[in-house]
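Convention: sequence-line order gives letters A, B, ...; per-chain numbering from 1.
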Amino acid sequence: MKGTSYRTHGCGDLRPDHIGCEVKVAGWVRRVRDMGQFVFLDLRDRSGIVQLYAPKSSPMYEVLRTLGREWVIQAEGTVRRRESPNPNLPTGEIEIEVETLTLLNRSEVPPFLIEDETDGLEELRLRYRYLDLRRPIMQRRLELRAQFLEVVRRYLRENGFLEVETPMLIRSTPEGARDFLVPSRLKPGSFYALPQSPQLLKQLLMIAGIDRYFQIARCFRDEDYRGDRQAEFTQLDCELSFVSQSEVLSIFTGLVQAVFQELIGVEIGEIPTLTYAEAMSRYGSDKPDLRYGLAWEEVSEWASQTEVPFWKGRRVFQLHLAQAKASRKLQEKWQEVAKSHGIPSLSIAQKEGEKISTSLQKFFTAQSLPPEAEGLWLWAAGENLPHAGLGALRSAVIQDLGLKPERPWALAWIIDFPLFEQDEQGKLAPAHHPFVHPHPEDLEYLEQAPLKVRGLCYDLVINGYEIMSGSLRCHAPELQMRIFRLLGFSEEEAQDKFGFLLEALGRGAPPHGGCAFGIDRWIMLLAGGSSLRDVIAFPKTASGSDLMLNAPAPLDPEQKAEILRWISS
RNA sequence: GGUCCGGUAGUUCAGCUGGUUAGAACGCCGGCCUGUCACGCCGGAGGCCGCGGGUUCGAGUCCCGUCCGGACCGCCA
């Protein structure tokens, strides 16, 4: 740390090399320990903690012992070797014998411990976020986030990307999440929307010839929040022209490798690719947690040759754990899980040597299974097996048996997502967003069998979290219009909502595609946390309020009246 | 929008089927202590039991409403 008029060193920077030096430090009082004949004081700043010392014979003794926690002080003194070192502290071999002390500011007694292991609950920590962020562990998380941005910027710049900012006040588009709206004063009755993502703007940048773009973009979605979902969140938003899907994946594999390597020293190697169809049938999820090898296997053929009557003519999926044992209670719980996810039949068997215990007793002996196979089996059967149910069962089994991950990090590209899905009313809806380029092999039956059409899109899944999502986009206006028509937009509606895009596509749009990383979530994983709020400096609660600023808040009456005038005209 | 859990000292919590003066630990304040670093020891202060209503002789405890926080479902292209 560079010195200023307030300090010559950071508290945590002092080492035995400094013994004998006259130093000046400034920071917050972490704790005072008055021993009678002398006093110790732990002083904290961002660089760490150093112990101040004053013997009773010094005039500083009386000064130090009366200081309160979190008071801001400046101390001047001589670095000396400790009589009893503390090996748990980087500065544990030295202390500063204080000669001059300046009180820079007092502090109220803090409502919770300003320590890595705090006693404050999250609600309190959010209310006094500036105190929460004073905790070393929180500062390390902010540091990790800053390093992340640094690595990402460097990698992308080295690969020819241009960082471009796009506006926050844009217009609302009909699909997707609910928009946050901003009333316009100069055009009463009209509204801006805050971007859910810079999707269309970055496509326009490609048409502008920017070629390779990125942005650390703040995005806003007015939906309900969760531990891993905030009203505003940060995306690493990227778009490239003149690239194939595999080229996009290869460029961003490099980025992901660089981040893991430089931030946490982990070599992730190549990232395996899984199709959507494989992911769904093996793991029951399009974002499987692949730290666990456990996978469903279709055994319909084998099942039809057994005596089990309700397996005949049905599809049967099997989950086998060679080492595992499940109590009756757990088995009942899994039956509930299966039932609540619409799985028609779940059978469970436990085999040890020649002994087998199963609800299939009547139709089934130990000989029905290969002799060397042991452990726990689950069989889900039905004409129609909802994949989500298989996924929920797999998660439940992993959690309830307390399975240990086979590896700390499991990454995968998931590709070949369907382009469309059906909503509740049976209407066609984009599975991803309406600008995804259909898979060229499936283009011919776009109109005939739209649900079978795959998109040129890809997700990156890390430990069961969707960290990045992207696609190649439609660059031909005719193709984009075909998609809009399938989604039920008339020519006029499409022109009204997306006219600017269709027009731009008709003015020399290059083939292009890109992606967006949810970086809050990714940094959360890298920091080893399970809450987004721990890696965002000033996060909001699950109901979207900021407990420190007390936002959202009612308006002044005059302000409110003015807004209402704009809105209703 | 729905379901569930919680709200008691500065903090984290306990408080049984309703029953005298609502507790503990940490923190805070005062005193003592020659090497602490979660210092130790002695003493003390500290409570609209989230808010409003109801039931009851009597409510922290039961009921209704409301606000706040959390988890989950819906939602989040």
Of G70(B), U34(B), C68(B), the nucleotide closest to the side chain of L547(A) is C68(B)

Would you please say whether a donor-acceptor pair under 3.5 Å links the side chains of T91(A) and Q51(A)? no

Does the plane of the ring in Y276(A) sit parallel, tilted or perpendicular to the ring in F417(A)? Use 30° and 60° as the thresholds.
tilted

Picking from C76(B), G35(B), C68(B), the nucleotide nearest the side-chain atoms of A177(A) would be C76(B)

Answer for the Watson-Crick or wobble partner of C29(B), both distances under 3.5 Å, is G43(B)

ask   = Given the C1' atoms of A38(B) and C26(B), what is the spacing between them in whole Å?
value = 10 Å

With the side chain defined as heavy atoms from C-beta on, R82(A) is closest, among C37(B), G69(B), C33(B), to C37(B)

Taken to the nearest whole Å, CD/Q235(A) to C1'/C76(B) is 12 Å

With rounding to the closest Å, how many angstrom separate the P atoms on G54(B) and C42(B)? 48 Å

The residue, R80(A) or L121(A), whose nearest nucleotide of RNA chain B is more 5′ is L121(A)

*asked:* When you compare the side chains of Q235(A) and S197(A), does any donor N or O come within less than 3.5 Å of an acceptor on the partner?
replied: no

Regarding the side chain of A542(A), the nearest nucleotide among C76(B), G74(B), G70(B) is G70(B)

Rounded to whole Å, the CD-C1' distance (E122(A) to G7(B)) equals 16 Å

Against the side chain of F38(A), the closest entry in U34(B), G69(B), G1(B) is U34(B)

Exercise for the section: Determine the Euclidean distance between corresponding P atoms of G43(B) and G35(B); express it in Å to zero decimal places. Expected result: 23 Å

Please determine whether a side-chain nitrogen or oxygen atom of T541(A) lies at a distance below 4.0 Å from atom OP1 or OP2 of C68(B).
no

Taken to the nearest whole Å, CG/N550(A) to P/C68(B) is 10 Å

_Can you tell me if Y61(A) has over 12 outside heavy atoms packed within less than 6.0 Å of its OH?_
yes

Using a cut-off of less than 4.0 Å, is there contact between a side-chain N or O of S84(A) and OP1 or OP2 of C39(B)? no

By nearest-heavy-atom nucleotide on RNA chain B, the more 5' of N88(A) and E421(A) is N88(A)

To the nearest 0.5 Å, atom CG of L547(A) lies from atom NZ of K540(A) at 10.5 Å

Separation of A38(B) atom P from F112(A) atom CZ, nearest Å, is 20 Å

Closest to the side chain of M35(A), out of C37(B), A71(B), G35(B), is G35(B)

Practice task
Please tell me if the side chains of I94(A) and R80(A) come closer than 4.5 Å, counting only heavy atoms from C-beta onward.
Solution key: no

Atom CZ of R229(A) and atom P of G70(B) are separated, to the nearest Å, by 14 Å

Rounded to whole Å, CG of L113(A) lies from P of C13(B) at a distance of 14 Å

Next item on the list: Under 4.0 Å between any heavy atoms, over every strand shown, what does P85(A) touch: base, sugar-phosphate, or nothing? Just pick one.
Entry: base

### Task
Check whether any side-chain nitrogen or oxygen of R31(A) sits under 4.0 Å from OP1 or OP2 of C39(B), and answer yes or no.
yes

In Watson-Crick or G-U wobble terms, with both distances under 3.5 Å, the base opposite G35(B) is none

Checking C75(B), C33(B), U36(B) against the side chain of E223(A) (C-beta onward), the nearest is C75(B)

Notebook entry, point to check: Is any side-chain N or O of E95(A) under 3.5 Å from a base N or O of G35(B), one able to act as donor and the other as acceptor?
Noted result: yes

Donor-acceptor pair between S84(A) and R82(A) side chains, under 3.5 angstrom:
no

When rounded to whole Å, the CG to P distance for the pair L43(A) and U36(B) reads 21 Å

Using Watson-Crick geometry (N1-N3 plus N6-O4 or O6-N4) or G-U wobble (N1-O2, O6-N3), each under 3.5 Å, A71(B) is paired with U3(B)

OP1 or OP2 of C37(B) versus the side-chain N and O atoms of R33(A): is any pair under 4.0 Å? no

**Study point:** Span that lies between the P atom of G69(B) and that of G30(B), in whole angstrom
**Key:** 37 Å

**Report entry** C1' spacing across the pair G18(B) / G60(B), given as an integer number of angstrom
**Finding:** 10 Å

task: Verify the contact: side-chain N or O of R69(A) to OP1 or OP2 of C28(B), cut-off strictly under 4.0 Å; return yes or no.
output: yes

Rounded to whole Å, CG of D222(A) lies from C1' of G1(B) at a distance of 14 Å

As its Watson-Crick or G-U partner within any shown strand, both distances under 3.5 Å, G52(B) has C64(B)

If the plane angle is over 60° it's perpendicular, under 30° parallel, otherwise tilted; pick one for Y53(A) and F38(A).
-> tilted

When both distances are under 3.5 Å in a Watson-Crick or G-U wobble arrangement, the nucleotide paired with G18(B) is none

Any N/O donor-acceptor pair, R125(A) side-chain to U11(B) base, under 3.5 Å: no

Kindly assign one of parallel, tilted or perpendicular to the pair F484(A) and F435(A), based on the angle between their ring planes and the thresholds 30° and 60°.
perpendicular

Picking from G10(B), C76(B), U34(B), the nucleotide nearest the side-chain atoms of P111(A) would be G10(B)

message: Distance check, C1' atoms only: G2(B) and A45(B), in whole angstrom units.
response: 47 Å

Taking atom types as they are modelled, would you say the side chain of D119(A) forms a donor-acceptor pair with the base of G27(B) within the 3.5 Å cutoff? no

Q: Provide the distance between the two P atoms, one in A14(B) and one in A24(B), to the nearest whole Å.
A: 16 Å

How far, in whole Å, is G50(B) from G1(B) if one measures between their P atoms?
-> 26 Å

Would you indicate what E83(A) reaches in the nucleic acid, counting non-hydrogen atoms under 4.0 angstrom: base, sugar-phosphate, or nothing?
base

